[in-house]
Amino acid sequence: MAERTKRWIAAAMKRLMAKKPLDKIRVTEICREAEIERPTFYYHFQDKYELVAWIFFQDADSTDILSVESAAAGMNKMRQEMLFYRRAYEDSSQNALWQYMLEYFADRYTRLAKEKLGVEQLDTQTKYSIRLYCYGTVGMTREWVLQDNITPAEVIVKMMFASMPERLRQIFNL
């Protein structure tokens, strides 16, 4: 039931973001559009930024971040909902989507690296390489969404993988 309610609220948010930028949307409007009470919204989400991040994470969780094909499919899905993602990336508030994404992907790559290496802790250089790569890929994804709607997702993803630090390429057998 909770998952269905979250999806319902997310659909309302996407409809609102089709009409105006994220910074112009208030929780009251989201509740009105979703036909829910404010306490229901706050039961599921801390704020509208967490809601937007949750929408992104729903798509990102189904992406194999070590597969060019899967990552490109994820970016192509973003392209299908380009207005939503453009409006989300345009927002530069203290809870900007790119910051949520950075932490999300850094955590995913960290967990994968620990699993591949069979360790509890990563060395400082590996942690740095993961954050550097995540900053780069999140930043370039943002740039692609905001400025480049010509380059195919497959090309962008291949360039990202080619730019991965050698240490990570070794760990992930790429």
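From Thr126, atom OG1 reaches atom CG of Leu117 across 7.0 Å, with rounding to the nearest 0.5 Å. Atoms CE and CG, from Met164 and Leu132 in turn, are 11.5 Å apart once rounded to the nearest 0.5 Å. Between Thr40 atom OG1 and Ile30 atom CD1 the span is 13.0 Å, to the nearest 0.5 Å. For the atom pair CG (Leu51) and CE (Met17), the distance works out to 9.0 Å, reported to the nearest 0.5 Å. Of the inter-residue distances, the one linking Ile130 atom CD1 with Leu168 atom CG reads 5.5 Å to the nearest 0.5 angstrom. Separating the NZ atom in Lys6 from the CH2 atom in Trp54 is a distance of 6.5 Å, to the nearest 0.5 Å.
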Margin query: Applying side-chain contact (heavy atoms from CB on, under 4.5 Å) to Leu122 and Lys114, what does each step give before you reach the verdict?
Written below: CA-CA 7 Å; Leu122 296 176; Lys114 286 178 180 178; 3.9 Å; yes
Margin query: Pair Asp123, Arg167 - check salt bridge (charged side-chain N to carboxylate O under 4.0 Å, His left out), show working.
Written below: CA-CA 11 Å; Asp123 63 272; Arg167 173 72 176 133; 3.7 Å; yes
Notebook entry, point to check: Checking salt bridge (charged side-chain N to carboxylate O under 4.0 Å, His left out) for the pair Arg15/Glu33: CA distance, chi angles, key distance, verdict?
Noted result: CA-CA 8 Å; Arg15 288 191 301 274; Glu33 181 72 24; 2.7 Å; yes
Notebook entry, point to check: Given the rule in the side-chain contact (heavy atoms from CB on, under 4.5 Å) test, do Tyr133 and Thr137 qualify, once you have shown the distances and angles that lead to the verdict?
Noted result: CA-CA 6 Å; Tyr133 181 67; Thr137 56; 3.4 Å; yes
Notebook entry, point to check: Could you walk me through whether Met159 and Glu154 pass the side-chain contact (heavy atoms from CB on, under 4.5 Å) check?
Noted result: CA-CA 9 Å; Met159 288 189 291; Glu154 294 78 6; over 6 Å; no
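Heavy-atom neighbours of Glu37 CD from other residues, nucleotides or ligands within 6.0 Å: at or below the threshold of 12. For Phe57, the CZ atom sits in a packed shell: over 12 heavy atoms of surrounding residues, nucleotides or ligands are nearer than 6.0 Å.
Here the closest heavy-atom approach between residue Arg108 and residue Asp61 is recorded as NH1-CA, 4.1 Å. The two residues Trp144 and Thr151 make their nearest non-hydrogen contact at NE1-O, 2.9 Å. Residues Tyr89 and Arg142 share a closest heavy-atom pair of O-NH2, 3.0 Å. Leu22 and Lys48 make their closest contact through O-NZ, 2.9 Å (heavy atoms, listed as atom of the first residue, atom of the second, distance). Nearest heavy-atom pair, Pro165 versus Ser129, reported as atom, atom and distance to 0.1 Å: CG-O, 4.0 Å. Of all heavy-atom pairs spanning Met75 and Ile156, the tightest one is CE-CG2, 3.6 Å.
Between Glu81 and Lys77 a salt bridge is recorded (basic side-chain N to carboxylate O distance below 4.0 Å).
A heavy-atom distance below 4.5 Å is found between the side chains of Ile9 and His44. Under the 4.5 Å side-chain criterion, counting only non-hydrogen atoms from C-beta, Thr110 is not in contact with Phe105.
Between Glu29 and the choices Lys20, Lys19, Lys24, the salt bridge (Lys or Arg N to Asp or Glu O under 4.0 Å) rule is met once, by Lys20.
The hydrophobic clustering, which links ILVMFWY residues whose side-chain heavy atoms are closer than 4.5 Å, places Tyr43 and Phe45 apart. Tyr135 and Met160 end up in the same hydrophobic cluster when Ile, Leu, Val, Met, Phe, Trp and Tyr side chains are linked at under 4.5 Å. In this structure, Leu112 is not a member of the same hydrophobic cluster as Tyr128, with clusters built from ILVMFWY side-chain heavy atoms closer than 4.5 Å. Trp98 and Leu83 sit in two unconnected hydrophobic clusters of ILVMFWY residues. Membership requires side-chain heavy atoms under 4.5 Å apart, directly or through other members.
In terms of the side chain to side chain contact (heavy atoms under 4.5 Å, CB included) criterion, residue partners of Val27 (sequence neighbours excluded) are, by chain and number, Cys31, Arg38, Phe41, Tyr42. The salt bridge (Lys or Arg N to Asp or Glu O under 4.0 Å) check on Arg169 picks up nothing, with sequence neighbours excluded. Legend: residues meeting salt bridge (Lys or Arg N to Asp or Glu O under 4.0 Å) with Arg79, ordered by chain and number and at least two apart, are absent.
Side chain of Lys14 to main chain of Phe84: no donor-acceptor pair is present (N/O by atom type, distance under 3.5 Å, no hydrogens or angles). The backbone N or O of Gln46 lies less than 3.5 Å from a partner atom in the side chain of Glu50, making a donor-acceptor pair.
The ring pair (Phe, Tyr, Trp, His ring centres under 6.0 Å) analysis of residues 146-174, with sequence neighbours excluded, yields the pairs Tyr109-Phe172. Pairs passing the ring pair (Phe, Tyr, Trp, His ring centres under 6.0 Å) check and including a residue from residues 4-23, sequence neighbours excluded, do not occur.
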Give every donor-acceptor pair under 3.5 Å between a side-chain atom in residues 65-74 and any protein atom, sequence neighbours left out.
residue	atom	partner	partner atom	Å
Ser67	OG	Glu69	N	3.4
Ser67	OG	Glu69	OE1	3.3
Ser67	OG	Ser70	N	3.1
Ser70	OG	Asp64	N	2.8

